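Take a look at the structure below.
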Amino acid sequence: MDVELRQVRNTLIVRCEGELDMLVADKMRSEIDKKMDNNEIKNLILNMEKVSFIDSSGLGVILGRYKKISSKNGRMYIVGARPQVEKILYFSGINKLVSMCRNEQDVINLQGR
Amino acid sequence: MDVELRQVRNTLIVRCEGELDMLVADKMRSEIDKKMDNNEIKNLILNMEKVSFIDSSGLGVILGRYKKISSKNGRMYIVGARPQVEKILYFSGINKLVSMCRNEQDVINLQGR
Amino acid sequence: MNVRNYCKFEILSLPENISFARACVGAFASQLGCTIDEIEEVKLVVSEAVSNCIIHAYENRSNEIITIVISLLENRTLEIIIEDYGKGIEDIDSVLQPTYSSEPNRMGLGFTFMKSFMDDMEVLSKPGEGTSVQLKRSFLTKDKEAYA
Amino acid sequence: MNVRNYCKFEILSLPENISFARACVGAFASQLGCTIDEIEEVKLVVSEAVSNCIIHAYENRSNEIITIVISLLENRTLEIIIEDYGKGIEDIDSVLQPTYSSEPNRMGLGFTFMKSFMDDMEVLSKPGEGTSVQLKRSFLTKDKEAYA
Ligand SMILES: Nc1ncnc2c1ncn2[C@@H]1O[C@H](COP(=O)(O)OP(=O)(O)O)[C@@H](O)[C@H]1O
Ligand SMILES: Nc1ncnc2c1ncn2[C@@H]1O[C@H](COP(=O)(O)OP(=O)(O)O)[C@@H](O)[C@H]1O
């Protein structure tokens with residue numbers, strides 16, 4: 001699992017690749033939190049285009065990050081989840097908390113409103 | 001493993017796909033031999049473009065078919081072997097018995113000579 | 001039910017073996033000619049059960065053993081048994097409740113996924129001795145629909 | 001040598017399990033971060049050893065057991081032990097000769113492939129009791145070259 005982090009104004013963009021299970025959940029959690037504890041960051045975009053698998057350990061990382069962002073009154077977006085991964089996100093109900101977008105451009109459009 | 005057989009004049013063209021191990025070796029041997037026992041057939045083209053794996057059971061099928069074709073004074077060609085598969089064919093020395101060609105057109109050119 | 005084929009394997013309680021276990025079970029289940037979606041569901045279920053052994057049964061100690069038995073039964077039925085020799089479960093009924101978790105930052109969805117994506121789940125456990133999760137799914141869906 | 005990780009599995013002597021065994025060993029070996037070419041060579045070796053158990057040790061009887069133990073040792077070393085409880089080998093030295101085969105339509109290249117693609121091969125056998133093939137390969141090639 002590769003994790004790439006990028007900050008654009010007050011938004012943290014996280015692009016991950018591979019299988020999001022317990023092995024990588026801890027690594028991903030700590031990498032995101034390190035950046036997020038930067039006070040400027042209000043919103044989080046999680047780009048999952050290249051994630052081929054997610055289980056409940058991966059869902060836990062997402063839910064935890066959502067809670068952190070919410071406590072800052074920020075918003076969280078999940079971008080480009082593949083059907084297999086999307087099914088699990090819906091199953092868990094995370095789609096009701098986080099905005100599901102097709103691509104990063106959609107988020108920018110959403111944020112613009 | 002899928003095996004597709006086609007006869008063009010006195011040449012039998014065998015296109016196979018998948019992993020050529022013991023499980024499929026028997027099936028492939030009997031399918032080819034059924035067609036080859038047709039007296040018209042003199043030459044054999046084995047198209048391996050879509051073969052992703054071969055072991056000594058697979059090599060055994062090729063060597064056996066080569067011997068049959070040779071006993072009819074025919075020729076055998078292997079077409080489009082991927083690098084991984086080609087390495088094993090060279091290792092076994094089968095490349096010295098059978099003509100190795102890039103594609104089916106190359107065989108037609110060779111035969112034309 | 002007659003066992004057509006089976007495979008038994010023993011792995012260590014290391015997080016890197018979770019994806020290995022998924023891959024193995026997926027490869028074996030593919031002998032039933034399931035769809036990719038079905039294989040993905042089976043992989044998820046295995047991921048949950050093996051993660052539970054590592055996190056809960058062995059409390060993240062590596063070097064402990066997890067055994068997995070995969071069987072292909074009649075009627076395209078897949079049976080997976082995942083067993084640990086760890087701390088066990090005191091009250092099985094309560095841990096099976098959706099969103100129940102003994103760990104604050106976990107979601108409590110593991111057993112829910114297992115139940116949802118398989119036809120049958122049985123959990124046997126003895127505190128201090130270990131836990132065995134038995135999962136079954138038949139891939140005769142086409143016929144099932146036809147007869148429904 | 002210290003074992004970093006290992007996996008033991010037990011399969012039936014069915015031809016469809018040869019590709020399963022290849023896939024499993026390949027998936028486990030990938031924890032060493034080998035190249036695709038290296039994994040392919042390891043898969044070939046496993047294919048040969050497991051095929052030998054089915055064809056020679058068990059003379060194509062299914063329902064017999066083959067055990068495979070894969071270990072990741074220090075220095076990126078992979079060890080694979082493939083064991084059967086079949087007919088065994090009378091004269092090990094002679095069957096190890098390239099192109100030797102007891103079956104007329106086989107090539108006698110199985111052991112040659114195993115020896116060529118691994119650094120070390122040991123064959124233990126007792127007629128009537130079974131055979132164990134131990135294979136080892138270290139993937140420290142880069143360092144090796146640097147020190148050569
Ligand atoms: N193999 C196991 N050994 C001991 N306890 C377990 C095991 N599997 C699950 N449990 C218990 O059951 C609870 C619910 O499990 P699960 O539904 O998978 O959710 P989660 O893993 O998110 O906690 C766990 O929190 C744990 O207390
Ligand atoms: N597991 C085994 N049990 C019994 N005999 C074996 C086993 N593996 C190999 N042999 C013997 O060793 C010979 C050489 O094996 P190998 O080099 O793999 O070639 P092949 O499988 O083509 O015969 C076989 O023909 C067989 O007689």
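All figures in this text were calculated on a predicted structure; none of them were measured in a lab. Residue numbers start from 1 in every chain, and the chains themselves are labelled A, B, ... in the order their sequence lines are given, proteins ahead of strands.
Of the two parts of B/Leu63, only the side chain, counted from C-beta on, holds a non-hydrogen atom closer than 4.5 Å to a non-hydrogen atom of chain D. Contact of B/Lys87 with chain D is made through the side chain alone, with heavy-atom distances under 4.5 Å. With a 4.5 Å cut-off on non-hydrogen atoms, D/Leu14 does not touch chain B at all. D/Asn60 touches chain B through its side chain: at least one heavy atom from C-beta onward sits under 4.5 Å away, while N, CA, C and O do not.
Atom NZ of B/Lys50 is surrounded by 12 or fewer heavy atoms from other residues, nucleotides or ligands within 6.0 Å. With a 6.0 Å radius and a threshold of 12 heavy atoms from other residues, nucleotides or ligands, B/Arg82 has its CZ atom above the threshold. In B/Lys68, the NZ atom is crowded: over 12 heavy atoms of neighbouring residues, nucleotides or ligands sit closer than 6.0 Å. Shown here is D/Lys115, whose NZ atom has more than 12 heavy atoms of other residues, nucleotides or ligands within 6.0 Å. Within 6.0 Å of the CD atom in B/Gln7, the count of heavy atoms belonging to other residues, nucleotides or ligands exceeds 12. Within 6.0 Å of atom NZ in D/Lys126, 12 or fewer heavy atoms from other residues, nucleotides or ligands are found, so the atom counts as exposed in its surroundings.
Heavy-atom pairs under 4.5 Å with chain D peak, among B/Gly64, B/Ser52, B/Ser57, at B/Ser57.
A ring pair (Phe, Tyr, Trp, His ring centres under 6.0 Å) check over residues 12-63 of chain D, counting only residues at least two apart or in different chains, returns the pairs C/Phe20-D/Phe28, C/Phe28-D/Phe20. For residues 33-81 of chain B, the set of pairs meeting the ring pair (Phe, Tyr, Trp, His ring centres under 6.0 Å) definition, not counting sequence neighbours, is empty.
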>> Quick one, B/Leu59 with D/Leu109, criterion side chain to side chain contact (heavy atoms under 4.5 Å, CB included). Give me CA distance, side-chain angles, the key distance, then yes/no.
In response: CA-CA 9 Å; B/Leu59 293 173; D/Leu109 286 181; 4.3 Å; yes
> For D/Arg22 and B/Asp21, what are the C-alpha separation, side-chain angles and deciding distance, and is it a side chain to side chain contact (heavy atoms under 4.5 Å, CB included)?
Replying inline: CA-CA 11 Å; D/Arg22 281 200 300 272; B/Asp21 67 4; 2.9 Å; yes
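Separation of atoms CE (D/Met107) and OG (B/Ser92) is listed at 5.0 Å; rounding is to 0.5 Å. A distance of 5.0 Å separates CD1 in D/Ile55 from CE in B/Met22, rounded to the nearest 0.5 Å. Atom CZ of residue D/Phe113 and atom CD1 of residue B/Ile88 lie 5.0 Å apart, to the nearest 0.5 angstrom.
Contacts of residues 41-50 of chain D with chain B at a heavy-atom distance below 4.5 Å involve D/Glu41, D/Lys43, D/Leu44, D/Ser47, D/Glu48, listed in sequence order.
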Side chains of residues 96-105 of chain D: which donor-acceptor partners sit under 3.5 Å, not counting sequence neighbours?
{"from": "D/Gln97", "atom 1": "NE2", "to": "D/Asp93", "atom 2": "O", "distance (Å)": "3.3"}
{"from": "D/Ser101", "atom 1": "OG", "to": "D/Glu103", "atom 2": "N", "distance (Å)": "3.1"}
{"from": "D/Ser101", "atom 1": "OG", "to": "D/Glu103", "atom 2": "O", "distance (Å)": "3.2"}

